Amino acid sequence: MRGPRRGRALRHTRLQVVLAVAAIAAAVALPVVLISVGGGVSAHELASLQNAGYQIVVSAAGLHGISHAHALAERILAVGSVSAASPVLSVDVDAYTTSGALSPVLAEGVIPAQFGPTLSPAERGLFPSPLPLGDPTDLRHFDNGSYSGPATYDVLISFPFASAEHVGTGDTLLLSPTTNRSLGTLYNVTGVFGVLPTLLGPTGAFLVLLPLSDLQTMTGFGPSASATVPDAADTVQVAVTGAVAVSPSALAVVRGSIQALVPLYSVTSLAQEAQQLESANAVLTGFYLALSSVGLTIGLLFLALVLLRRVEAEHRSIGIRRALGLPGWSIAGGIVREGLLLSVLGALTGILAGYLVVEGLATWATSTVQEAAALARFDPTVLAEIALGVAGLSLLASAVASRAALRLEIGEALR
């Protein structure tokens, strides 16, 4: 009878070990997924800020809240150390190709000469230079706010849109603010530009670029008599000279000068946004670890129970070793080594499981989740800190089991 009973006990012990490793692995996998994906997205956004061609952003509350954008750009250009001021108006419109196909697109209205210098080096290479959008200053059609000057009706289209709709340079494209085609304006496609990968998903790549005054007229955000926001824009992106761009104090002076021009608008520098993003990422990382602490606590409690059951199962062996004079630290050391081994195995398994989960999300999840998961960063330092933290916490579980082992009465253990 002792053989089958011993076999069942051995299988039960192995099952406990497997469950302890699995519990710790599940607890570790959660922070690995959260921190790697969250940190990757944050790092991507931070890199975008640091590598942007502009350094200061003027924005306003409400929809297309900046008014008199052309005049504001001229006033900002007069500020010392400012090299470019690019108003940008973004509006969803409908595009009709010559075949009659309808596609929703994001239209961005810009001042051609000011838009290019505010692009990052990576973005600048995606656009033709100079932008083939007619008047570089966009002042002829704007005509001091009357919008009665001659318009070229030129438009640039993104490569994904051009490829999907089979439209290219030399074709025409009808753009309408609504699905009512009769309200549309016919534009000449004068060029195609590339699109960097973003978190917007596939539809975010369907872009068209046209002169600011053209988009304002088409969407009703231009002429003062009819526009709710005359000469509207969403933001004004400001680039400064190279020396000022790398000097926080000098950049703060320029930002203050621009803020004085527009006291009712928000004027922020990308350095400020980067600091805020880093602070938010630190808070989120702390939140992720706090959220994961619940799972880690459960996993370590399970480890403590497994070690206690091991002490109970081996109480006679422990009693014999103590009766032979084996020091207590040696017995406790064996329990600590076993706890460390199980915790390290659980941590490594959890890191591997977290990696596989992220790879699975990047392959099979929805488009937005795929984009976020693809940006995940598995920092070896952070992963090592998680594993070391779990190993350190396992000492608490081992201490509980060691205390129980050393408190065994020798006579009782040898019965």
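All of these numbers come straight from a predicted model, not from anything done at the bench.
Applying the salt bridge (charged side-chain N to carboxylate O under 4.0 Å, His left out) test to every pair with at least one member in residues 292-301, sequence neighbours left out, gives no pairs at all. Residue pairs meeting the salt bridge (charged side-chain N to carboxylate O under 4.0 Å, His left out) criterion with at least one partner in residues 87-114, sequence neighbours excluded, are absent.
Rounding to the nearest 0.5 Å places CG of L89 at 7.0 Å from CZ of F221. One distance of note links CG of L173 with OG1 of T185; it measures 11.0 Å at 0.5 Å rounding. Going from atom CZ of F193 over to atom CG of L156 covers 6.5 Å, rounded to the nearest 0.5 Å. Note that CG of L308 is 8.5 Å distant from CD1 of I335, once rounded to the nearest 0.5 Å. Separation of atoms CG (D143) and NE2 (H70) is listed at 11.0 Å; rounding is to 0.5 Å. Distance check, rounded to the nearest 0.5 Å: CZ of F206 to CD1 of I157 gives 10.5 Å.
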I'd like to know whether L305 forms a side chain to side chain contact (heavy atoms under 4.5 Å, CB included) with L301, so could you lay out the CA-CA distance, the side-chain angles of the two residues, the decisive distance to 0.1 Å, and finally the verdict. CA-CA 6 Å; L305 290 174; L301 284 175; 5.6 Å; no
I'd like to know whether N144 forms a side chain to side chain donor-acceptor pair (under 3.5 Å) with S146, so could you lay out the CA-CA distance, the side-chain angles of the two residues, the decisive distance to 0.1 Å, and finally the verdict. CA-CA 6 Å; N144 295 316; S146 67; over 6 Å; no
Working for side chain to side chain donor-acceptor pair (under 3.5 Å), residues E165 and S103: CA-CA 8 Å; E165 300 299 333; S103 294; 2.6 Å; yes
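Side-chain contact check for T137 and D135: at least one donor-acceptor pair (N or O, by modelled atom type) lies under 3.5 Å.
Residues passing the side chain to side chain donor-acceptor pair (under 3.5 Å) test with Y265, sequence neighbours excluded: S67.
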List the atom pairs, donor and acceptor, that lie under 3.5 Å between side-chain atoms in residues 207-218 and the rest of the protein, sequence neighbours left out.
from : atom 1 : to   : atom 2 : distance (Å)
S213 : OG     : D138 : OD1    : 2.6
S213 : OG     : D138 : OD2    : 3.4
S213 : OG     : H141 : ND1    : 2.9
D214 : OD1    : H141 : ND1    : 2.9
Q216 : OE1    : Y147 : OH     : 2.6
Q216 : NE2    : D231 : OD1    : 2.8
Q216 : NE2    : A232 : O      : 2.7
T217 : OG1    : S213 : O      : 2.8

Show me the side-chain donor-acceptor pairs of residues 29-37 shorter than 3.5 Å, one per line, residues at least two apart or across chains.
from : atom 1 : to  : atom 2 : distance (Å)
S36  : OG     : V32 : O      : 2.6
S36  : OG     : V33 : O      : 3.2

Distance-only check: which donor-acceptor pairs under 3.5 Å involve side-chain atoms of residues 380-396, not counting sequence neighbours?
from : atom 1 : to   : atom 2 : distance (Å)
S394 : OG     : S343 : OG     : 3.3
S394 : OG     : A391 : O      : 2.5

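Ring geometry for F127 against F115 counts as perpendicular: the plane angle is over 60°, on a 0 to 90° scale with 30° as the lower cut.
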